[in-house]
Asks: 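Handing you this structure, nothing more for now.
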Amino acid sequence: MGDAAKNIDSTSNTALYINAAVVIRKNEVIRNGNLVFSSQQESLPAFLGDLHHFTGAKYQRFYKMDALSKLGWLAAELLLDDHYKSMEYDPAKQGIILSNANSSLDTDIRYQESMAAIPSPAIFVYTLPNIVIGEIAIRHGIKGENAFFIFEKFNAQFIEQYVSVLLNNNILHACVCGWVDVLAKQYDAAFFLVEKIGREGSKPFNAGILNKIYQ
């Protein structure tokens, strides 16, 4: 978990900002409060495929990922727009803090099913929830603090506390944080870009705002 775990109870006095937010559920994508994509696809794989096409990324690694990694990767792709990518942050000062309720269970089940014939190494690679962090980090060159936590439900208070420690102690200058969960046909993602510098349309970084955006 790194240095932040030692200081989770630290008091924060520095203003932090949510400079972008993306929510993906029910075949829709909401970015910064606006509907930017919707699909009539009935299956999750088809929806994720359509969304990948919408981003225009043409990223070959995407097709090797499990559903959890695809969902998280797409949320990050939509969150980190060109303005953010062009900023001169040290890669080691950018981090990713994510959470969900079902860990990698969706992929674990698929791997268990593959063992009835020949176990699939391609599926086994994704039987840890933090692999989604790795896929996002590779794509965006993020090399700083990262962690994946398991909660029964979206825990805005924990996210606020943990990420605030990272930024206020100068461990990070920017952080992608939030929730990404997949189990069978159910999926849910809410990603937030938190920085020390407020920008046009930014919101205060606190649990109340996180919950409002998530819900």
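In what follows, every heavy atom counts, from backbone to side chain, and hydrogens, waters and symmetry copies are set aside.
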Asks: With heavy-atom distances below 4.5 Å as the criterion, would you say the side chains of N19 and V194 are in contact?
Replies: no

Asks: Can D90 and K143 be counted as an ion pair, charged N to O under 4.0 angstrom?
Replies: no

Asks: Knowing that exactly one of I133, N146, D181, L68 qualifies, which makes a side chain to side chain contact (heavy atoms under 4.5 Å, CB included) with L98?
Replies: I133

Asks: Applying ring pair (Phe, Tyr, Trp, His ring centres under 6.0 Å), can you list everything that pairs with F154, at least two apart in sequence or on another chain?
Replies: Y214

Asks: Apply side-chain hydrogen bond (donor to acceptor under 3.5 Å, both in side chains) to N155 and list each qualifying residue two or more places apart in sequence or on a separate chain.
Replies: none

Asks: Give, for atom CD of E152 and atom CG of N102, the distance between the pair rounded to the nearest 0.5 Å.
Replies: 11.0 Å

Asks: Could you tell me whether a side-chain N or O of N27 sits under 3.5 Å from a main-chain N or O of S39, the two making a donor and an acceptor?
Replies: yes

Asks: Hey, could you give me the CD1/CG distance between I24 and L79, rounded to the nearest 0.5 Å?
Replies: 9.5 Å

Asks: Just wondering, do V29 and V23 contact through their side chains at under 4.5 Å, heavy atoms?
Replies: no

Asks: Minimum heavy-atom separation for L71 and A189, please, with both atom names.
Replies: CG-CB, 3.9 Å

Asks: Out of curiosity, I96 CD1 to C177 SG, how far, rounded to the nearest 0.5 Å?
Replies: 11.0 Å

Asks: List for me each residue that meets side-chain hydrogen bond (donor to acceptor under 3.5 Å, both in side chains) alongside Q157, sequence neighbours excluded, and say none if there are none.
Replies: none

Asks: Evaluate the side-chain proximity of F54 to L74: yes if any heavy-atom separation is below 4.5 Å, no if none is.
Replies: no

Asks: Please say whether the positively charged group of K70, taken as NZ for Lys or CZ for Arg, lies over the ring of F62, i.e. under 6.0 angstrom from the six-membered ring centre and within 45 degrees of the axis.
Replies: yes

Asks: Enter the distance from L48:CG to Q41:CD here, rounded to the nearest 0.5 Å.
Replies: 10.0 Å

Asks: Report yes if some heavy atom in the side chain of L80 is under 4.5 Å from a heavy atom in the side chain of V176; otherwise report no.
Replies: yes

Asks: Could you pull out the closest heavy-atom pair between P91 and G141, with the gap in Å?
Replies: CB-O, 3.2 Å

Asks: Between F149 and I97, is there a side-chain heavy-atom distance shorter than 4.5 Å?
Replies: yes

Asks: Roughly how far, to the nearest 0.5 Å, is the CD1 atom of I136 from the CD1 atom of I131?
Replies: 11.5 Å

Asks: Minimum heavy-atom separation for L172 to E145, with atom names?
Replies: CD2-N, 3.7 Å

Asks: Are L167 and I197 joined in one hydrophobic group, where the rule is that I, L, V, M, F, W and Y side chains link up if heavy atoms are under 4.5 Å apart?
Replies: no

Asks: What are the two closest heavy atoms between L44 and A67, and how far apart are they?
Replies: CD2-CB, 4.1 Å

Asks: Report yes if the side chains of L16 and E195 come closer than 4.5 Å at any heavy-atom pair, otherwise no.
Replies: no

Asks: Short question: side chain of R31, backbone of L78 - any donor-acceptor pair under 3.5 Å?
Replies: yes

Asks: Is K203 close to I213 at the side-chain level, that is, under 4.5 Å between some pair of heavy atoms?
Replies: yes

Asks: Write down the atom of Y89, the atom of A174, and the distance for their closest heavy-atom approach.
Replies: CE1-CB, 3.7 Å

Asks: Walk me through whether L193 and I18 qualify under side-chain contact (heavy atoms from CB on, under 4.5 Å).
Replies: CA-CA 6 Å; L193 172 61; I18 301 170; over 6 Å; no

Asks: For G208, does its backbone N or O pair with a side-chain atom of N206 as donor and acceptor, under 3.5 Å?
Replies: yes

Asks: Is the number of heavy atoms from other residues, nucleotides or ligands within 6.0 Å of CD (Q186) greater than 12?
Replies: no

Asks: Once you round to the nearest 0.5 Å, how far does CZ of F47 lie from CD of Q40?
Replies: 11.0 Å

Asks: Decide whether F191 and Y17 are clustered together by the hydrophobic rule: side chain heavy atoms of Ile, Leu, Val, Met, Phe, Trp, Tyr closer than 4.5 Å, transitively.
Replies: no

Asks: List the residues meeting side-chain contact (heavy atoms from CB on, under 4.5 Å) with A57, not counting sequence neighbours, and say none if there are none.
Replies: H52, T55, Y59, W73, E77, R139

Asks: Considering residues at least two apart in sequence or located in another chain, which fulfil the side-chain hydrogen bond (donor to acceptor under 3.5 Å, both in side chains) criterion with E160?
Replies: none

Asks: Which heavy atom of W179 sits nearest a heavy atom of A101, and at what distance?
Replies: CH2-N, 3.3 Å

Asks: Any heavy-atom pair between the side chains of L210 and F205 that's under 4.5 Å?
Replies: yes

Asks: In chain order, what residues pass the side-chain hydrogen bond (donor to acceptor under 3.5 Å, both in side chains) check against K196, with sequence neighbours excluded?
Replies: N170

